Amino acid sequence: MSLDEVADKEASSPEEIQLVQSDAKFRSFSPPPIPIPAAPSIGSLVDSVSDERLDVMASHQSENGSISTASSTVSSLESEKAAYEFLAQTPIKSTDAHLVEFSEAMRTVAKALRRVAEGKAAAQAEAAEWKRKYELEMAHKQQNKIKGCGSCISNDLDKLASQLTLDTAASDQLGCCGKHGICSHEVLQDEVPGPIPRPNHKMVGRKASFKLSWGCNGDKNGQHKHDFVSFEKGDITTAERSNKQILLKWESQPQTVLFITKPNSNSVRVLCAEMVRWLKEHKNINVFVEPRVSKELLTEDSSYNFIQTWDNDEEIKLLHTKVDLIVTLGGDGTVLWAASLFKGPVPPVVAFSLGSLGFMTPFPSEQYRDCLDNVLNGPFSITLRNRLQCHVIRDAAKDELVTEEPILVLNEVTIDRGISSYLTYLECYCDSSFVTCVQGDGLIISTTSGSTAYSLAAGGSMVHPQVPGILFTPICPHSLSFRPLILPEYVTLRVQVPYNSRGSAWASFDGKDRKQLSPGDALICSISPWPVPTACLVDSTTDFLRSIHEGLHWNLRKSQSFDGPRD
């Protein structure tokens, strides 16, 4: 109702007129709606609300001359302001769930990076294997093509093979011999393709070629039978198998022999000097020895100035291109040391027994002249002993392998708890399949050649060295059901220390080169493409059985007497 309408009314008391005028005046002085800015802070919101409410209350006081009508407004203002101040002072507390979620996310990222690194290592190994197979296939095709051209070309090839050297990788493929066996260039080819750097003037630049063939039923006639599976009439049968004894036949006369000897042994030093002189004077063989042995021989007699040695690690990498044969004087440890000098191909090894057990040293040192004559003239049986190729992947390396070269071992890799008093906690995978968690003193990953070493002491089985496999043997596991395994040789094993492990683990390779494995680190093991060919005194099986009979006295027992009860 307006003031004019109030004035027109006839019956209006003075009190009503005063109340109406006061109400109208109050509405005319009411403030407009307060605009709220976008996303204000709590502090600014409290201040703005307080100022606006105070202005409204002040206008009420000025117009009405009393604060009685605004008492409720003041009380609501104080409660609302106190609420806003409480919200401003209350911190936003982070819950443990956020930290757990962040930790799980970082762990997932770390596992993904580790899988990438492992995939890269596997891809590199697979690429190298396919490259090797491709080179072998091309060499075989070239040989088959040449064989079809007639006997005259064959005679030319024989003449050419006698003049070949290993100065380039291309000459290896041209000199490939083929015929029912494995050519020497397939076993002792260069690990890195491309031209070989110019050797030192002391190095011998000629290397003998040889051929490996399968012996049939113990006959050293070079013939062999192929293993195949028949599917006739829907039935699967296996054809007659040969004994797969490998024979080595020289295609050209060996020229260079490398001697590796057991240190700190007077008898070994005397025998080495005698054998070196005999090979030089009677066989006209060039002799390489270790720098330590060279110094000892020259100190004893200056007439040994014909021996050769190496001066640095770069020359060691080229030894396999110069040495035709390795002679070891010592025990199995000397053979392990000789194999560790060759990161790629290894020449045939003739191991003379001057140690204690001798699982890999079948030749008697007293008959070294006859033994070396048989080996140099050939053919002779050999055992191809597989090696493990090991990569250590650090957790901090993300997607890269550690800078060290791959480690090759002939016996075993051991992962143990070191000096820690806690159980070793290891996660094991075979290719992409989870194997088990090892909780105990450790784990042994062994070749079949190493089955008679640490793995045997830990409860593993003795395995013939030519059986293709990898031994998986726990060390004092805290479980009654954890038994050793024998896995196929084509698998890749991965052992890693989980993040929740109480301590670090330690890895040793053939008993040396110990490396610490911290939580998050991993060790990858697979069979190396470069085996160690060791010469046999008789054949592989006879030498193996002799070693476990004489070295371990396997199943040696007093025979039962005949003067007892009978059926």
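Just so you know, these numbers come straight off a predicted model, no measurement behind them. Scope of the values below: all heavy atoms of this structure, side chains included, with no hydrogens, waters or symmetry mates.
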Between Thr328 and Thr334, a side-chain donor and acceptor under 3.5 Å: no
Tyr499-Asp395 side chain donor-acceptor pair, cut-off 3.5 Å: yes
Beyond-backbone contact of Ile486 with Val463, side-chain heavy atoms, under 4.5 angstrom: yes
Steps toward side chain to side chain contact (heavy atoms under 4.5 Å, CB included) verdict (Leu426, Gln496): CA-CA 6 Å; Leu426 305 171; Gln496 72 182 50; over 6 Å; no
Nearest heavy atoms of Val289 and Trp310, plus distance in Å: O-CZ3, 3.5 Å
Distance, nearest 0.5 Å, that separates OG1 of Thr261 from CD of Glu290: 5.5 Å
Check: Phe259 and Val257 side chains under 4.5 Å, non-hydrogen atoms: yes
List the atom pairs, donor and acceptor, that lie under 3.5 Å between side-chain atoms in residues 415-423 and the rest of the protein, sequence neighbours left out.
residue: Asp416; atom: OD1; partner: Gly418; partner atom: N; Å: 2.9
residue: Asp416; atom: OD1; partner: Arg514; partner atom: NH2; Å: 3.1
residue: Asp416; atom: OD2; partner: Arg514; partner atom: NH1; Å: 3.3
residue: Arg417; atom: NE; partner: Asp441; partner atom: OD1; Å: 2.9
residue: Arg417; atom: NH1; partner: Ser420; partner atom: O; Å: 2.6
residue: Ser420; atom: OG; partner: Tyr422; partner atom: N; Å: 3.2

Test item: Thr436 and Phe482 side chains (from C-beta on) under 4.5 Å apart, heavy atoms: yes
Side-chain touch Thr256/Phe288, heavy atoms, less than 4.5 angstrom: yes
Crowding at CH2, Trp337 (>12 non-hydrogen neighbours, <6.0 Å): no
Distance-only side-chain donor-acceptor flag, Thr447 / Ser449, under 3.5 Å: no
Over 12 foreign heavy atoms within 6.0 Å of NE2, His478: no
Side chain to side chain contact (heavy atoms under 4.5 Å, CB included) between Leu318 and Glu314, worked out: CA-CA 7 Å; Leu318 297 176; Glu314 293 299 322; over 6 Å; no
Pairwise side-chain contact, Leu545 with Thr541, heavy-atom cut-off 4.5 Å (strictly under): yes
Distance-only donor-acceptor check, side chains Gln389 and Ser526, under 3.5 Å: no
Plane angle bin for Phe434 and Tyr429 - parallel if under 30°, tilted between 30 and 60°, otherwise perpendicular: perpendicular
Smallest separation among heavy atoms of Gly450 and Asn411, with atom names: CA-OD1, 3.4 Å
Neighbour count above 12 (heavy atom, 6.0 Å) for Asp313 CG: no
Closest non-hydrogen atom pair between Gly358 and Ser547, with its separation: O-CB, 4.1 Å
Atom pair NZ (Lys262) and CD1 (Ile260), whose distance is rounded to the nearest 0.5 Å: 14.5 Å
N/O donor-acceptor pair under 3.5 Å between Ser501 side chain and Val497 backbone: no
Considering all heavy atoms, the nearest Ala458-Ile444 contact: CB-CD1, 3.8 Å
Leu493 versus Leu487, closest heavy-atom pair with distance: CD2-CD1, 3.6 Å
NZ on Lys512 to CD1 on Ile407, rounded to 0.5 Å: 9.5 Å
Backbone N/O of Ile527 and side chain of Asn386: donor-acceptor pair under 3.5 Å: no
Arg494 side, atom CZ; Cys525 side, atom SG - distance, nearest 0.5 Å: 12.0 Å
Chi angles and distances behind the ring-ring contact (aromatic ring centres under 6.0 Å, His included) call for Phe342, His320: CA-CA 7 Å; Phe342 296 86; His320 73 278; 7.3 Å; no
Point-to-point distance, once rounded to the nearest 0.5 Å, from CD1 of Ile316 to CG of Leu319: 6.5 Å
Residues Arg387 and Ser528: side-chain donor-acceptor under 3.5 angstrom: no
Atom CZ of Arg483 with >12 non-hydrogen neighbours under 6.0 angstrom: no
Beyond-backbone contact of Pro477 with Gln439, side-chain heavy atoms, under 4.5 angstrom: no
Any side-chain donor near an acceptor of the partner, Thr383 and Ser540, under 3.5 Å: yes
Side-chain heavy atoms of Leu443 within contact of Phe472, under 4.5 Å: yes
CE on Met275 to CD1 on Ile285, rounded to 0.5 Å: 12.0 Å
Test item: Ser252 side-chain N/O and Ser209 main-chain N/O as donor-acceptor pair under 3.5 Å: yes
Side chain to side chain contact (heavy atoms under 4.5 Å, CB included) between Leu410 and Val335, worked out: CA-CA 9 Å; Leu410 180 56; Val335 178; 4.3 Å; yes
Any side-chain heavy-atom pair of Leu325 and Val350 under 4.5 Å: yes
Test side chain to side chain contact (heavy atoms under 4.5 Å, CB included) applied to Phe509 and Thr414, step by step: CA-CA 7 Å; Phe509 307 88; Thr414 303; over 6 Å; no
Arg115 with Glu118: basic N within carboxylate O range, under 4.0 Å: no
Any donor-acceptor pair under 3.5 Å from Asn377 side chain to Asn374 backbone: no
Expected output: side-chain Asp510 to main-chain Glu412 donor-acceptor under 3.5 Å: yes
Test item: Asp543 side-chain N/O and Leu537 main-chain N/O as donor-acceptor pair under 3.5 Å: yes
Closest approach of Cys390 to Val409 (non-hydrogen atoms, all atoms of both residues): SG-CG2, 4.3 Å
